[in-house]
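Take a look at the structure set out below.
Only a predicted model underlies this, so the values are computations on that prediction, with no experimental measurement involved.
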Amino acid sequence: MASPDAGVDRLIQAEYQQGFVTDIESDTLPPGLDEDVIRAISLRKQEPDWMLQKRLEAYRRWLLMSEPQWASLHHPPIDFQAISYFSSPKKGEGPKSLDEVDPELLATYEKLGIPLDEQKALAGVAVDAVFDSVSVATTFRQTLAEAGVIFCAMSEAVREYPELIQRYLGSVVPPQDNFFAALNGAVFSDGTFVYVPKGVRCPMELSTYFRINEANTGQFERTLIVAEEGSQVSYLEGCTAPMRDENQLHAAVVELVALDDATIKYSTVQNWYPGDSQGRGGIYNFVTKRGDCRGARSRISWTQVETGSAITWKYPSCILRGRDSVGEFYSVALTKGRQQADTGTKMIHIGENTRSTIVSKGISAMEGSNAYRGLVRIAGKAENARNHTQCDSLLIGDRCAAHTFPYIEVKNPTAQVEHEATTSKVSEDQLFYCRQRGLSQEDAVSMIINGFCKEVFKELPMEFAVEAQKLLAVSLEGAVG
Amino acid sequence: MNHSLLDASAEAERYIGGLDSRAGDWLAERRRSAVLGIQQLGLPDRRQERWRYSGIDGLLDGNFSADWESTDNPLPPLESVMPDGTQAGLLVFVDGSFQAELSFVNDTGIQFTSLRAAMAKGDRKVLAALGSLSGTGRHAFSAINLATMQDGAVISVSPGKSIDQPIELLHIATAAAGGRMLRPRHLITLDKGSQASIVERHLCLDADGYFNNVVSEILLQEDARLDHQRVQLEGSQAYHLSEVHVQLGARANYRAINAAVGARWSRTEINGGFLAAGANLDLEGLYLAGDGQLVDFHLDVVHGVSGCSSRSNFKGIVYGQGRAVFDGRILVERQAQQSDAHLTNANLMLSRGSEVDTKPQLEILADDVKCSHGTTVGQLDPQAVFYLRSRGLSPSQARRLLCLGFASEILEGFGNVSLRGQLADHIQRRVESIDLENV
Amino acid sequence: MLSIEGLRVEVEGKEILKGLDLEVNAGEVHAIMGPNGSGKSTLAHVLAGREGYQISGGKLRYLGLDLQELEIEERAHAGIFLAMQYPVELPGVNNMIFLREALNAIRRARGEPEIDALGFMKQVRDKARELNLDEKLLKRSVNAGFSGGEKKRNEVLQMAMLAPKLAILDETDSGLDIDALRIVADGVNLLRSPERALILVTHYQRLLDYIQPDRVHVLAAGRIVRSGGRELALELEEKGYGWLSEEAAA
Ligand SMILES: Nc1ncnc2c1ncn2[C@@H]1O[C@H](COP(=O)(O)OP(=O)(O)O)[C@@H](O)[C@H]1O
Ligand SMILES: [Mg+2]
């Protein structure tokens with residue numbers, strides 16, 4: 001009779017379904033990085049001089065920094081001179097209307113389940129499609145503009161909304177923040193800018209779909225979301241890439257700013273190519289995400305479902321500056337094959353009555369390794385701050401690893417901080433019970449794992465919760481056995 | 001980095017030429033490799049993960065000297081701190097040196113010799129065991145102890161013997177310790193199926209700043225059982241670093257309860273490991289940090305074989321400018337299936353200006369295991385304070401009672417009743433006298 | 001319907017069932033009684049195909065099939081249902097979704113169309129009401145944080161919904177108060193039909209006041225040591241199991 005792990009194994013060995021390559025003519029800079037490359041990127045994007053200067057400043061800082069070593073991650077050294085820092089479909093950048101978008105690109109997104117045609121699109125979701133280094137289309141701009149919401153490619157925002165960009169870009173994650181943030185500050189190519197004016201509740205879900213296509217390129221996108229007083233916005237990003245034997249670098253920076261009474265909900269379904277079961281290929285996903293709850297009663301909520309990438313290194317964080325502000329982090333991270341994830345969050349409580357919640361669910365299968373790394377800091381002036389953290393790990397098979405590294409620093413006696421972590425496996429009793437009721441081994445495992453992740457899935461926007469569950473089931477296909 | 005503490009080689013050479021002349025090359029070798037270790041490890045600094053929250057500036061500024069042996073000065077009166085004499089054994093160390101005339105062993109199941117005597121005699125068995133559990137150490141302080149060890153207790157309990165009364169290791173720092181680094185080193189072995197309890201106390205009689213750098217190596221063979229009650233009540237200017245290395249054979253049981261309430265700066269590192277299945281490690285702790293104290297606990301529990309369990313439960317109270325650091329790591333290695341490992345750490349913050357940094361860690365490489373950790377930081381429950389005040393208690397009395405209640409779970413683990421009473425009194429006295437307005 | 005011949009079962013090298021015989025025909029209700037540790041749950045688990053039991057001898061036939069050849073879920077598809085002595089908790093798995101997936105898995109296996117969501121909801125609500133099971137429990141995770149009695153009633157709800165051909169209830173009555181017992185008994189009686197068979201594993205004859213068994217068996221020391229009609233249960237109530245075990249040992 002099958003052992004429980006046999007079912008898991010079968011579940012996990014599924015094919016990566018987004019691994020195709022789009023055959024399209026592209027304009028790609030030769031590999032390598034120096035000031036000329038940065039000037040070339042800036043020129044191609046027709047940027048104002050102040051933007052070029054910001055890039056050069058970030059580059060100069062980057063030269064002085066070294067790659068962080070503290071995470072529990074292992075990979076061969078990255079040759080930053082072997083990467084191409086800019087690639088754009090020839091007919092790609094900044095089309096005025098959908099009719100101008102290369103049909104090959106439209107077909108690619110259609111195949112990925114993201115129709116860019118507004119007629120076919122998921123109701124109530126606007127999409128910015130980023131292909132390699134550029135944004136190729138942004139839907140529903142008209143509808144959004146009527147509500148006063150700006151939703152556009154970052155490169156366009158630099159040209160069209162210089163005051164806003166100068167004011168906010170880099171204000172949450174300055175270039176000196178860390179090695180990858182500095183690199184991003186120097187070479188970022190595109191990404192999404194969202195601005196929700198005072199009192200506006202964004203009428204639809206916003207989303208960006210990131211696609212890496214070209215070989216030997218890195219993707220360095222930059223996202224900035226500003227929610228003015230009393231506004232609300234929900235944003236989702238998705239990511240995929242072709243299957244290739246080489247590792248590719250994705251080093252993004254995301255900055256969120258929430259002013260008084262504003263709410264930003266940021267969800268990620270990350271499904272970059274994870275590499276094969278032997279650890280060949282896959283994306284190195286080194287991302288800096290930070291939200292600044294600048295205003296009183298503001299709220300930033302991060303939800304992530306991380307199933308892809310060979311390596312994930314990201315800690316979406318909240319700086320709880322405004323009094324009564326709230327930070328949330330809900331995460332599911334699945335690693336299988338030789339995938340490694342080192343992810344978690346930082347909740348920095350500065351203002352009074354600030355609250356944070358952390359729910360992290362790590363699933364490790366086959367030889368996957370999963371680490372939760374998190375910081376909860378209560379500053380001396382943060383009266384009545386509250387944090388609750390729950391970290392659970394599920395281990396599938398005897399060659400995987402699950403680590404939990406929380407750091408808790410409390411300097412105010414009125415704080416209340418609680419952290420709990422557990423590890424478990426899918427128990428034989430649970431499998432027997434489900435199968436006795438007629439479910440197959442695979443369905444039983446998938447159901448138990450979805451149950452394990454439920455607290456996180458329920459935080460995703462409705463439209464995507466089902467997708468996330470399916471993605472998890474597909475990602476697990478073959479891993480359970 | 002340069003510091004007089006790092007320069008222990010002269011001191012080590014002095015022992016090689018003197019104290020251990022009969023021990024021969026073996027011990028010399030060990031001391032010299034520890035001296036090398038000191039240079040390689042260097043002094044800890046806050047960029048190192050294990051020292052992230054514990055600065056050692058004060059300790060370095062103390063310029064404590066290593067080149068020291070106890071003098072023949074007459075001892076000050078010690079009656080006030082001597083226990084009642086009902087122990088199975090009493091081993092007294094004054095300023096790090098064993099005092100035969102104050103000590104006794106009353107049970108034939110216990111073999112005892114001082115480390116100094118063992119080295120002087122060249123006792124092979126003892127020498128071979130030194131450093132076998134600790135290695136050269138993780139940091140310079142530990143290596144310094146090994147390079148310059150001069151005295152300590154070497155205790156073993158015979159197979160199958162059950163020692164009913166506790167064995168007490170009493171450490172007293174006197175005025176003569178001022179400005180010095182003391183470095184006792186203990187070696188404790190419980191043979192197959194034996195049972196014992198050890199009370200380890202660190203006290204101070206009227207000494208200024210000193211640095212007590214203690215290392216203990218504890219080996220429990222199959223089915224052995226040790227109950228280890230440790231109390232750190234060093235002087236208010238003292239620095240205290242104690243390192244415990246414990247290894248458990250099949251089905252062995254080690255329970256340690258650690259109270260750290262004294263010293264200006266103290267750090268306790270407990271390293272636990274298993275040699276065979278069925279063993280159980282139970283670590284408890286209680287700490288109090290106020291008045292500019294730093295109290296630091298580091299646990300490193302490694303499940304390297306299958307079928308063992310560990311449980312750690314530490315509670316602390318901080319106030320004033322006090323700081324508590326807790327770092328509790330559980331590692332379950334790939335082959336350690338059916339491990340059961342749990343850790344909890346609860347902290348009570350009584351006043352402004354205090355700080356708690358806590359860092360539990362789980363590193364799990366096996367799937368069929370039950371592991372968890374939990375940690376909390378909070379203040380006294382205002383409801384409870386209100387309740388007590390509505391029954392007529394003053395705020396400070398209410399605080400005293402509630403703190404005692406918080407600590408009682410750990411205090412009750414002290415089998416030694418007078419020790420438990422002493423600690424309870426100490427904690428009550430201190431928390432009741434906190435001046436919340438002026439901290 | 002079910003025929004067990006000379007069944008021998010070992011757990012971790014220890015023989016628990018030592019040549020057990022049992023015939024159950026469609027339409028019958030059998031009660032199996034016996035002291036603690038006599039192997040009742042072992043028998044129930046073996047019928048459902050639980051791993052960890054070594055069948056060292058004997059035959060297990062069900063509706064003309066060799067049970068040993070079937071996987072756990074294949075037995076469920078073939079109509080075997082086990083209400084467990086200790087129902088398992090599934091954190092985060094919604095009770096209703098679980099039941100619907102199970103029902104549809106069984107229907108698919110039998111080539112029947114899947115039940116639509118609305119029809120299912122209505123049916124499950126009606127059944128829950130009949131069993132006096134708080135509707136809130138339907139929305140919670142399977143058995144997670146349920147009281148003992150709630151878990152048992154949830155088992156009976158699942159049984160009612162899945163409509164098995166052979167239902168095995170392992171001490172479903174223990175831990176229930178008298179009202180709950182009656183509800184469970186009603187659920188079981190509703191299921192009684194000429195096509196179905198039931199095996200009630202129980203410790204007390206109390207349940208048999210509400211569900212009239214056709215046959216009563218006593219399991220002791222790994223064998224059926226005595227079989228009879230209802231009166232056997234009453235005799236056991238009076239005398240305990242001691243005399244039977246002695247008889248078996250003799
Ligand atoms: N998984 C197991 N491992 C070891 N022994 C078991 C296991 N399951 C059952 N047993 C033993 O088998 C015997 C029968 O148990 P069980 O079938 O549960 O009895 P009952 O249900 O009649 O009380 C008992 O002695 C029990 O201890
Ligand atoms: Mg039973």
Hey, what do you get for CG (C:Leu20) to NE2 (C:His217), rounding to the nearest 0.5 Å?
-> 9.5 Å
Would you give the length of the straight line joining atom CD of A:Gln390 to atom CD of A:Glu455, rounded to the nearest 0.5 angstrom?
-> 6.5 Å
Are A:Gln304 and A:Thr343 close enough that a side-chain donor and a side-chain acceptor fall under 3.5 Å?
-> yes
Decide whether A:Lys336 and A:Thr307 meet the rule of one side-chain donor and one side-chain acceptor closer than 3.5 Å.
-> no
Which residues in residues 88-103 of chain C have any heavy atom lying under 4.5 Å from a heavy atom of chain A?
-> C:Val88, C:Glu89, C:Leu90, C:Pro91, C:Gly92, C:Val93, C:Ile97, C:Phe98, C:Glu101, C:Ala102
So is A:Arg435 actually on top of A:Tyr433's ring, under 6.0 Å and inside 45° of the axis?
-> no
What option among A:Met447, A:Lys458, A:Gln430, A:Gln436 has the most heavy-atom pairs under 4.5 Å with chain C?
-> A:Gln436
Is chain C contacted by the side chain of A:Cys453, its backbone, both, or neither, given a heavy-atom distance below 4.5 Å?
-> neither
Would you tell me whether A:Thr303 and A:Glu459 have side-chain atoms, one donor and one acceptor, within less than 3.5 Å of each other?
-> no
Under the ring-ring contact (aromatic ring centres under 6.0 Å, His included) test, which residues partner C:Tyr53, sequence neighbours left out?
-> C:His45
Does the side chain of A:Asp342 come under 3.5 Å of the side chain of A:Tyr315 through a donor N or O and an acceptor N or O?
-> yes
Donor on one side chain, acceptor on other, A:Gln18 and A:Asn271, under 3.5 Å | yes
Output for pair (C:Ile183 CD1, C:Leu181 CG), nearest 0.5 Å, gives 9.5 Å
Under 3.5 Å, is there a donor-acceptor pair between the side chain of A:Tyr372 and the main chain of A:Ala421?
-> no
Between A:Thr389 and A:Asn387, do the side chains contain an N or O donor and an N or O acceptor separated by less than 3.5 Å?
-> yes
Best-contacting candidate, C:Leu82, C:Ile106, C:Val142, against chain A by heavy atom pairs under 4.5 angstrom = C:Leu82
Within residues 124-138 of chain C, which positions have a heavy-atom distance to chain A below 4.5 Å?
-> none
Residues of residues 150-168 of chain C within contact distance of chain A, non-hydrogen under 4.5 Å = C:Glu155, C:Gln158, C:Leu162
Highest number of heavy-atom pairs under 4.5 Å with chain A among C:Arg108, C:Glu74, C:Met84, C:His77 belongs to C:Met84
Pair A:Ser440-C:Glu73, side-chain donor/acceptor within less than 3.5 Å = no
Establish, yes or no, whether a centroid distance under 6.0 Å links the rings of A:Tyr266 and A:Trp302.
-> yes
Does a donor on one side chain sit under 3.5 Å from an acceptor on the other, for A:Thr357 and A:Glu328?
-> no
